[in-house]
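Written below as structure tokens is the structure these notes are about.
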2 protein chains.
Amino acid sequence: MDYYQLDTTTAADYIRDLPEMQTLFSGFDDLEIIEVGDGNLNFVFIITNRQNVQETVVLKQAVPFLRVVGESWPLSRERMTHEVMALEFQESICPGLVPKVYHSSDNMSLVIMQNLKDHQILRGEIIKGKIFPHLSEHISTFLAETLFKSSDLALDHDVKKQQVGKTINIELCKITEDFVFTHPFEDNETNEYNEALSQDAIDLIQKDPAVRSAVGEMKYAFMTKAEALLHGDLHIGSIMANEQETFVIDPEFSFYGPMGFDLGAMIGNLFLSYFSHDYRQRQIGKDPSAYRRWLLECAEEIWIGFEKKFLDLWRAHDAKEGGSLFGKDLAGDSADAFRTVFMQRIFSDMIGFAACKMMRRIVGLAKVADIADIEDPQERAKAEENALKMGAEMVVRRSEFKSFSDLVDLATSISPLSGTK
Amino acid sequence: MDYYQLDTTTAADYIRDLPEMQTLFSGFDDLEIIEVGDGNLNFVFIITNRQNVQETVVLKQAVPFLRVVGESWPLSRERMTHEVMALEFQESICPGLVPKVYHSSDNMSLVIMQNLKDHQILRGEIIKGKIFPHLSEHISTFLAETLFKSSDLALDHDVKKQQVGKTINIELCKITEDFVFTHPFEDNETNEYNEALSQDAIDLIQKDPAVRSAVGEMKYAFMTKAEALLHGDLHIGSIMANEQETFVIDPEFSFYGPMGFDLGAMIGNLFLSYFSHDYRQRQIGKDPSAYRRWLLECAEEIWIGFEKKFLDLWRAHDAKEGGSLFGKDLAGDSADAFRTVFMQRIFSDMIGFAACKMMRRIVGLAKVADIADIEDPQERAKAEENALKMGAEMVVRRSEFKSFSDLVDLATSISPLSGTK
């Protein structure tokens, strides 16, 4: 089938012919098809049988340009191939943490998947100050499972190398290389600055050789370290959740990269929320401590949960396989010594990547609503300066932090739990 | 053309039909074709026109098994594709440092190239104690040019990623993963030990958790860091030289890996020679100091030359391109700060990889003749123990060495220039 761009009319015809949809839908004569306008990259339709609203799917189709900009920004449809590969891998090991895929077509650059109608985008809920009691548990599982099971620690050498080749994602990696690791640190024309943000704060990340060279190292690691099949854009806008369930969505940026990148995206976003909730909680008349403590605990639990689950998977794998990447452990204490230095490296990578992600969200093109939607420029600038200060410190000293509580201490020293300093 | 395995008769027919050979040879009626028996992996023929011995080429053909073992060790012919890709890249930027390629065929898994008839395999010459005054100059150029120009520092992001995909070299990387980074450190059945080698020396590299975990880190880096198109097996048996010229040969192990791996192979081999020449120079009645000093100087000059040339290429590239991986340098001192930490990382990677290569040559399957051909088991064991001691120290402390002279000091503290301690 040749590619064509679906609309609300042709989408109905398209799904009607699919065996997978014939199983799922009892009829196609009374479909509601809504185009959801909030995708940056793609077109998204929610398709529901009005006769039985439980029969509902999401159809996501890539177009050969960046949807949010238009045809002036060409972007190949290949990104959908990457999204589908990642979703299928993630679903195979983390069912229930990613949307179920019902159908995909490479030619049509589309995927039809579970409609998460009882879930909300996490960022919006966190902005509102909502607590998600299972978030750290679910996300640490997602991270441990996907990162371990796509790595050289778990896969046969040949399978892993073939996967690296298949998942090379040139265009979307370039977006990250530019907008996460380069433009924000060079006063690029695509940057956007809050006018209340001090020049000193901007200079801290654009003119300090220690920060710049550390960011350069992180960029280079992003471009060269093919450790695991990443989600590639795991911020809190790529998660849909309710109190019980958590789903990771939108893995079109997926590629083989450094494990710390997904981890860092996640915790960096929680630190940004932390800085935003100094103002946000006060604004709704609350002492900021409680919610901000939850944010920091959530970040810490993600790392600690990840570390434990990753190591459990690793030890179980090695015990079962006999052989392993490490080889035989003649003295009995060497494999664990290796695991210890390995996790330290992942930890410092996570901190470095989190830092880059935090800093770019302040001065780069793509903001986070947690901070960007604070209307008072002075209050916004305070959260921004805190985020930049923490990011700069984290990336430069990324190998010096001994445990996650050191990071928590840094956050609270920059902005105390109860707010403003 | 379907693949068939050439012999001394069919090789004549094969080259006769090639336009490239018709240009090079004035006639094909009086060819001398000798099969050279010294390839581990492939068949190699030297083809010469007896009427004009200047008309001579080398034909190298891969067979679908490991030549040195036989058909019981299958190995796909794809390795020739990797060798040709690497040779063509290297020749394009380092003409005169690799053999000229006249013809290659993917179907036939063969390459026809310059016959280096006035050059010798470097290892044999170094065993004899010969000095090569231009070696460090040539090899540092080869390393700087090939590593820089295949990296993200020089190539466009898309070109580099495509190259990574094309050059994935599953089978030959596996040989390195097993025989360089795993078997020697786990008492594998493929290992071979000099019976005079002390168990303590073996335990040092097989049972010390610090050594084992450091070697694990190097193996993992080898498998995950896609920095540059490596030669992949750059020991002194992969170099042919005379006093004036140096050629790097046999890049079938080529793939995108960590820059430090090629550098480490080179300097590790020179350290092994250093330890062997305690005995070797005494045996021919010489004070070992002079030749051993040259070996250490050569290793040091390779690093220092590489570092300078690599940085020169990098600065020139950035000056010319305007943009660069690093982005704009607003304060003027950040790009150099990045270059400094970058080179420190390459330096410690080099040391770690050199160490692995040194240790594996002592207890692993593949030896270096420099040491393995010392007939007296006690003398051999002394060189072996020195190499293991240095390797263990290097890999564990790889990030602590400040300059190459620290490495030289380590070598001379283990075995003084003038010999035996």
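Order of the sequence lines sets the chain letters (A, B, ...), proteins ahead of strands, with each chain counted from 1.
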Would a 4.5 Å heavy-atom cut-off, applied to side chains only, mark B:Met343 and B:Glu307 as touching? yes

Listed by residue number, which members of residues 165-181 of chain B have a heavy atom under 4.5 Å from any heavy atom of chain A? B:Gly165, B:Ile168, B:Ile170, B:Cys173, B:Lys174, B:Glu177

Look at the rings of A:Phe306 and A:Phe310 and say which category their plane angle falls in: under 30° parallel, 30 to 60° tilted, over 60° perpendicular. tilted

Can you tell if the side chain of A:Phe253 reaches within under 4.5 Å of the side chain of A:His231, non-hydrogen atoms only? no

Would you say the side-chain atoms of B:Thr190 and B:His183 include a donor-acceptor pair closer than 3.5 Å? yes

Lys NZ or Arg CZ of A:Arg397 over A:Phe401 ring: under 6.0 Å, within 45°: yes

Max heavy-atom pair count under 4.5 Å with chain B, selected residue of A:Leu153, A:Leu330, A:Val341, A:Thr340: A:Leu330

Hey, are the side chains of B:Phe353 and B:Phe261 touching, using non-hydrogen atoms and a 4.5 Å cut-off? yes

Do side-chain atoms of A:Arg79 reach the backbone of A:Leu75 as a donor and acceptor pair under 3.5 angstrom? yes

Smallest heavy-atom separation, A:Met394 atom then A:Ala355 atom, equals CB-CB, 3.7 Å

Residues of residues 201-229 of chain A within contact distance of chain B, non-hydrogen under 4.5 Å: A:Gln206, A:Lys207, A:Asp208, A:Pro209, A:Arg212, A:Ser213, A:Gly216, A:Glu217, A:Lys219, A:Tyr220, A:Met223, A:Thr224, A:Lys225, A:Ala226, A:Glu227

Restricting to salt bridge (Lys or Arg N to Asp or Glu O under 4.0 Å), what partner residues turn up for A:Arg339, sequence neighbours left out? A:Asp318, A:Asp336

I'd like to check the side chain to side chain donor-acceptor pair (under 3.5 Å) partners of A:Gln344; sequence neighbours left out, ordered by chain and number. none

